[in-house]
**Student:** 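The following block contains the structure, expressed as C-alpha cells.
Small disclaimer: the values here were computed from a predicted structure and weren't measured.
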Amino acid sequence: RDAQESRGLGDVYKRQTYDFDPAAAGVGVYTITYTVGISGCINAATDAVEVFALPIVTFTALADLCLDAGVQTTLGGGTGTGGVYSGTGVTDDGNGMTYSFDPAAAGVGVHTITYNLTDGNGCSGSANDTVEVFNLDDASFSYAAASYCSADVDPTPTITGFGTGTFAASPSGLVINPSSGLIDTVASTNGTYTVTYTTTGTCSNSSSVSVIIDECTPSNDECTNATPLTLGVTLAGETTAGATDDSTGATDDTTCEPSTFKSDVWYTFVAPLTGAVNVSTVISGNSDQANVAVYSSQNCSQLDVDLIAC
C-alpha cells in the first residue's frame, strides 16, 4: 500500500510502500496499520487482510500398463472435487472428478499426471503421480524356408524376439509342437498354413508367418535324373508322391500303354549280357495300380524308339 502527505505549499513527500508475505504471516486475519507523523502530529489508519489456507490436494495415478491396453476411462484418484487432470495421454472429462488415459497416445515410458484444484477463495493446489507404459514383447520368429516337402526334415523356427511363448497354426492340418514350433512334415496335411507365435511376457504380443507343406517332386521325376538300381537289391522307401504327369509334352512322354503314364518316376540299371531281368514293384499307400516300362537305352529323347516292354 502507499500513501502521500504534504507539508506547506508545494511540499509533497513521496509515496511510501510495504511488502506483505502471506506465507510468513500464515493462515488467518491480520490488521495492517499505516501511521503518519508530522511535527508531533500523529495519525493512523488500519485495515484487515485474510490469508486463506491452500486446498489440500492428493492424487494417485492408475497402475502401470501395456502399450496396447486401450483407452482407460472414468479414472479418478484426486482428492477435492472440482479439479482438472492433465498430462501426456490425459483427457480431462470436465466434471471435476474423472479423466481418461490413452497409453498409445502417451507412448512407451514414464509419464507424470497432475491434478490441479482451485477452491472458492481462488487458492490453487496440485498433486502429481507417475504411470509407466510398457512396450509390447518382441514376437519376431522365422522358419528357414517358406515351403517344405512332406519328406523333409522337421523344421524348427528361430526366435529372435522374446524367448518364451506358444505356437499355433491355422487352419487345422499342420502338426506343430506348441512349445518349440517344430513342424511334423510327414504327419501334416498338405496345404498353406499361418503359424502364429504368442509371447508370454508382461506385455504379450504375437506375429505370424506363412508355411506351405506339399508333396514335393521326387529327384527322379524326370528321365534325365533316373535313380540307379543294383540288380538283386531291393530299393525301399521310393514314392511317386509329388511326381509330375508325363502327359504334358515333355521329352520323356511315352506311348507305352493306351495312355501315357501318370506321376511317374525313373530308374536305370545295367542288364547282364545273358539271362533275364525281372523288375517288380510293391504298391503301398493310396495307389491301386502300377505300370512298368523298360527301355533299351538312357537316351531320354527317343524313348518310343527304345521301348522294350510295358
**Student:** Would you mind writing out the side-chain donor-acceptor pairs for residues 60-73 within the sub-3.5 Å range, not counting sequence neighbours?
**Tutor:**
| residue | atom | partner | partner atom | Å |
| --- | --- | --- | --- | --- |
| Asp64 | OD1 | Glu132 | N | 2.9 |
| Gln72 | NE2 | Ala69 | O | 3.3 |
| Gln72 | NE2 | Gly70 | O | 2.9 |

**Student:** Should Ser188 and Tyr148 count as side-chain neighbours, where that means a heavy-atom distance under 4.5 Å?
**Tutor:**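 No; the side chains remain at least 4.5 Å from each other.
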
**Student:** Looking at every heavy atom in both Ser204 and Asp137, which two are closest together, and how far apart are they?
**Tutor:**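 The pair with the smallest heavy-atom distance is CA-OD2, 3.7 Å.
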
**Student:** Any side-chain donor-acceptor pair under 3.5 Å between Thr185 and Asp152?
**Tutor:**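 Judged by distance alone, the side chains do not pair up.
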
**Student:** Do you know which two heavy atoms are closest between Asp93 and Ser100, and how far apart they sit?
**Tutor:**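 Scanning both residues completely, I find the closest heavy atoms to be OD1-N, 4.0 Å.
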
**Student:** Check whether any side-chain N or O of Thr33 sits under 3.5 Å from a backbone N or O of Thr46 as a donor-acceptor pair, and report yes or no.
**Tutor:**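 No: the side chain of Thr33 does not pair with the backbone of Thr46.
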
**Student:** Identify the two heavy atoms, one from Ala105 and one from Gly89, that lie closest to each other, and give their separation to 0.1 Å.
**Tutor:**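 In this case the closest contact between Ala105 and Gly89 is CB-CA, 4.5 Å.
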
**Student:** Do Tyr143 and Tyr197 share a hydrophobic cluster, counting only Ile, Leu, Val, Met, Phe, Trp and Tyr and linking them when any side-chain heavy atoms are less than 4.5 Å apart?
**Tutor:**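 The answer is yes; both residues are in one hydrophobic cluster.
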
**Student:** Going by distance alone, is a donor N or O of one side chain under 3.5 Å from an acceptor N or O of the other, for Thr79 and Thr58?
**Tutor:**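 Yes.
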
**Student:** Side-chain contact test, heavy atoms from C-beta onward, threshold under 4.5 Å: evaluate it for Val133 versus Phe101 and give yes or no.
**Tutor:**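 The answer is yes; the side chains approach within 4.5 Å.
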
**Student:** Is there a path of hydrophobic side-chain contacts, each under 4.5 Å between heavy atoms of I/L/V/M/F/W/Y residues, joining Leu75 to Leu117?
**Tutor:**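 Result: yes, single cluster for both.
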
**Student:** Got Tyr18 and Ile32 here, is their nearest side-chain heavy-atom distance under 4.5 Å?
**Tutor:**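 Heavy-atom side-chain distance check passes, below 4.5 Å.
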
**Student:** Is it true that Val277 and Val270 fall in one hydrophobic cluster, defined by side-chain heavy atoms closer than 4.5 Å?
**Tutor:**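 Different clusters.
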
**Student:** Determine, step by step, whether Tyr99 and Ile113 satisfy the side chain to side chain contact (heavy atoms under 4.5 Å, CB included) criterion, reporting the C-alpha distance in whole Å, the side-chain angles of both residues, the deciding distance to 0.1 Å, and the verdict.
**Tutor:** CA-CA 10 Å; Tyr99 69 100; Ile113 299 176; 4.0 Å; yes

**Student:** Working to the nearest 0.5 Å, report the span between CG of Leu182 and CD1 of Ile176.
**Tutor:**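 So the CG of Leu182 and the CD1 of Ile176 are separated by 8.0 Å.
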
**Student:** I want to check something: taking the side chain as every heavy atom from C-beta on, are Asp154 and Ile183 in contact at a cut-off of under 4.5 Å?
**Tutor:**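 Contact flag for Asp154/Ile183 side chains = no.
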
**Student:** Does the side chain of Val195 reach to within under 4.5 Å of the side chain of Phe141, using non-hydrogen atoms?
**Tutor:**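 Heavy-atom side-chain distance check passes, below 4.5 Å.
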
**Student:** Over all heavy atoms of both residues, which pair between Ala169 and Leu174 is shortest? Give the atoms and the distance, please.
**Tutor:**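 Smallest interatomic distance, heavy atoms only, reads CB-CD2, 3.6 Å.
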
**Student:** Thr114 versus Ser86: any side-chain heavy-atom pair under 4.5 Å?
**Tutor:**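 They are in contact (side-chain heavy atoms under 4.5 Å apart), so the answer is yes.
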
**Student:** Answer with yes or no whether the hydrophobic clustering places Ile159 together with Leu136; edges join I, L, V, M, F, W, Y residues whose side-chain heavy atoms lie under 4.5 Å apart.
**Tutor:**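 Shared cluster, no.
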
**Student:** Any side-chain heavy atom of Tyr193 sitting closer than 4.5 Å to one from Pro171?
**Tutor:**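 They are in side-chain contact.
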
**Student:** For Glu215 versus Ser150, what's the shortest heavy-atom pair and its separation?
**Tutor:**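 Scanning both residues completely, I find the closest heavy atoms to be OE1-OG, 2.9 Å.
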
**Student:** I'd like to know if the side chain of Ser124 pairs up with that of Thr118 as donor and acceptor (distance under 3.5 Å, no hydrogens or angles considered).
**Tutor:**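 There is such a pair between these side chains.
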
**Student:** List, one per line, each side-chain donor-acceptor pair under 3.5 Å for residues 206-214, sequence neighbours excluded.
**Tutor:**
| residue | atom | partner | partner atom | Å |
| --- | --- | --- | --- | --- |
| Ser207 | OG | Ala139 | O | 2.4 |
| Ser208 | OG | Thr196 | OG1 | 2.7 |

**Student:** First locate atom CG of Asp129, then atom OH of Tyr115, and finally report the distance between them rounded to the nearest 0.5 Å.
**Tutor:**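 Interatomic distance, Asp129 CG to Tyr115 OH, rounded to 0.5 Å: 14.5 Å.
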
**Student:** Verify whether the ring centers belonging to Tyr85 and Phe59 lie closer than 6.0 Å.
**Tutor:**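 For Tyr85 and Phe59, the ring centres are under 6.0 Å apart.
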
**Student:** Run the side chain to side chain donor-acceptor pair (under 3.5 Å) test on Asn128 and Thr112 for me, step by step, so that the C-alpha distance in whole Å, both residues' side-chain angles and the decisive distance to 0.1 Å come before the verdict.
**Tutor:** CA-CA 7 Å; Asn128 57 64; Thr112 299; 5.6 Å; no

**Student:** I'd like to know if Tyr267 and Leu231 are part of one continuous hydrophobic network [Ile/Leu/Val/Met/Phe/Trp/Tyr, side-chain heavy atoms within less than 4.5 Å].
**Tutor:**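 Same hydrophobic cluster.
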
**Student:** Using atom types as modelled and distance alone, determine if a side-chain donor or acceptor of Thr199 lies under 3.5 Å from a backbone N or O of Asn205.
**Tutor:**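 The answer is yes, because a donor-acceptor pair under 3.5 Å joins these two groups.
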
**Student:** Is there a side chain to side chain contact (heavy atoms under 4.5 Å, CB included) between Asp102 and Thr91? Walk through the geometry before answering.
**Tutor:** CA-CA 8 Å; Asp102 185 350; Thr91 300; over 6 Å; no

**Student:** Restricting to non-hydrogen atoms, name the atom on Phe52 and the atom on Cys123 that form the minimum distance, rounded to 0.1 Å.
**Tutor:**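 Closest heavy-atom pair between Phe52 and Cys123: CB-SG, 3.9 Å.
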
